[in-house]
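In what follows, a single structure is set out as structure tokens and then discussed.
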Amino acid sequence: MIYNIVDSVKGGCGKTTFSILLSLLIDNFWMGDRANDETGVCLMDMDIQGTSLLYLLEGKTYLDREENEKELCTLNDWIASVEGDKEKVSEYVRKCRFPSLGERQAGERFDVVFCDPRPEQKKRFRSVSNQNYSPEVMYSTYRMGLIDFLDQIGKQTPYSHGHIIFDMPPNSDGYSDAIYDIMLKQDYSVLKKGDLCNLFLMQTMDQGHRQTSLDYFQEIVNSEGFDKFHAIFFVFNDWLNWNK
């Protein structure tokens with residue numbers, strides 16, 4: 001398994017767009033080596049408090065259709081539910097298809113796990129739970145829910161995911177630290193022998209953002225388990241030299 005964290009200290013800098021493009025790129029490499037029902041990439045929406053991924057991939061009117069409310073299982077549901085209330089993990093993983101290119105009949109495809117953008121669902125996760133607040137869903141519950149979900153998603157048949165991509169929220173979201181816990185910290189790490197973890201740090205060309213990103217990166221360097229990263233990429237969202 002290869003885990004990929006797409007992160008930034010700033011919102012609106014292209015994390016979600018880059019996560020989708022990275023998913024498509026990896027899918028493109030694997031397309032010729034798998035059966036029609038297999039998929040090797042799973043994009044996980046980690047913005048538990050204010051996601052836009054569902055609107056980007058399904059359309060902003062998707063949740064306005066009443067018939068979709070019951071069929072949409074989200075990461076919010078998994079984490080906030082007790083074990084006995086959880087349906088099988090495949091109900092939470094949705095296939096995302098894109099228009100076919102050339103002879104690729106299935107088109108680009110990856111799996112996606114959504115967070116719930118509806119206000120009544122997000123409010124359960126509003127408190128910054130890693131900073132001594134008392135939210136309805138505690139930080140430790142959120143972290144263990146993620147560990148459980150990743151364990152279950154790794155057991156899926158008939159296909160398995162070779163890549164998990166975490167589309168992270170802005171760093172102001174106190175829950176986001178849980179991803180680093182379950183990747184890097186010895187007490188919680190889900191990494192097994194042979195697994196890899198990559199970090200993609202998104203940046204704009206704004207000088208303040210670049211400096212803040214370096215400060216954030218320094219915190220990561222000094223954190224427990226930093227040596228577990230296989231590779232770290234600084235991704236610049238630079239439209240200044242864009243050529244049509």
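Just so you know, these numbers come straight off a predicted model, no measurement behind them.
- Looking at Asp77 and Thr74, their side chains do bring a donor and an acceptor atom within 3.5 Å of each other.
- Note that the SG atom of Cys197 and the CE atom of Met183 stand 5.5 Å from one another [nearest 0.5 Å].
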Decide side chain to side chain contact (heavy atoms under 4.5 Å, CB included) for His161 and Asp111; before the verdict, give the C-alpha distance in whole Å, the side-chain angles of both, and the deciding distance to 0.1 Å. CA-CA 9 Å; His161 295 101; Asp111 287 350; 2.8 Å; yes
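- Tracing side-chain contacts under 4.5 Å through hydrophobic residues (I, L, V, M, F, W, Y), one never reaches Leu53 starting from Leu21; they form parts of separate clusters.
- Closest non-hydrogen pair, Thr204 versus Phe236, comes out as O-CD2, 4.4 Å.
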Take Leu57 and Val112, measure what side chain to side chain contact (heavy atoms under 4.5 Å, CB included) needs, and give me the verdict at the end. CA-CA 10 Å; Leu57 296 181; Val112 59; 4.2 Å; yes
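- In this view, Asp151 and Lys155 satisfy the side chain to side chain donor-acceptor pair (under 3.5 Å) rule, not counting sequence neighbours.
- Between Ile182 and Ser189, every side-chain heavy-atom pair lies at or beyond the 4.5 Å cut-off.
- A cation-pi arrangement is absent between Arg94 and Phe114 under the rule of less than 6.0 angstrom and at most 45 degrees off the ring axis.
- Between Asp181 and Arg143, at least one side-chain N (NZ, or NE/NH1/NH2) sits under 4.0 Å from a carboxylate O, which counts as a salt bridge.
- Each of Ile165, Thr17, Val41 was compared with Leu22 under the side chain to side chain contact (heavy atoms under 4.5 Å, CB included) criterion, and only Ile165 meets it.
- The distance from atom CZ of Phe110 to atom NZ of Lys95, rounded to the nearest 0.5 Å, is 12.0 Å.
- Only one option out of Asp27, Leu196, Leu43, Ile26 pairs with His163 in a side chain to side chain contact (heavy atoms under 4.5 Å, CB included); it is Ile26.
- Side-chain polar atoms of Thr16 and Asp167 form a donor-acceptor pair below 3.5 angstrom.
- Connection of Leu214 to Met202 is not established within any shared hydrophobic cluster, with ILVMFWY side chains joined at heavy-atom distances below 4.5 Å, either directly or through further cluster members.
- Annotation: side chain of Ile179 is in contact with side chain of Ile5 (closest heavy-atom distance under 4.5 Å).
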Residues 224-233 side chain polar contacts: donor-acceptor under 3.5 Å, at least two apart:
unit_1, atom_1, unit_2, atom_2, d
Glu224, OE2, Gln186, N, 3.1
Lys228, NZ, Leu184, O, 3.2

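- Rounded to the nearest 0.5 Å, atoms NE2 (His209) and CG (Asn237) are 9.5 Å apart.
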For a side chain to side chain contact (heavy atoms under 4.5 Å, CB included) check, start with the C-alpha distance between Cys115 and Asp47, then their side-chain angles and the critical distance, and finish with the verdict. CA-CA 7 Å; Cys115 281; Asp47 197 345; 5.7 Å; no
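- Enclosure of atom CE in Met1 by more than 12 non-hydrogen atoms of other residues, nucleotides or ligands within 6.0 angstrom is indicated.
- Under the 30°/60° scheme for interplanar angles, the aromatic rings of Phe166 and Tyr3 are found to lie parallel.
- Distance check: Tyr142 OH to Ile147 CD1 gives 12.0 Å after rounding to the nearest 0.5 Å.
- We find the CZ-OG distance between Phe18 and Ser23 to be 9.5 Å, quoted to the nearest 0.5 Å.
- Within the model, atoms OH of Tyr92 and SG of Cys73 stand 5.0 Å from one another, a figure rounded to the nearest 0.5 Å.
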List the steps, then state whether side chain to side chain contact (heavy atoms under 4.5 Å, CB included) holds for Ser8 with Leu201. CA-CA 5 Å; Ser8 177; Leu201 287 176; over 6 Å; no
The test is side-chain hydrogen bond (donor to acceptor under 3.5 Å, both in side chains); show your working for Tyr216 and Asp7 and say whether it passes. CA-CA 10 Å; Tyr216 181 51; Asp7 199 5; 2.6 Å; yes
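- The shortest side-chain heavy-atom distance between Ile2 and Asp195 does not fall under the 4.5 Å cut-off.
- Checked against the 6.0 Å centroid criterion, the rings of Phe217 and Phe234 qualify as a close aromatic pair.
- Closest heavy-atom contact between Asp206 and Gly208: OD2-N, 3.1 Å.
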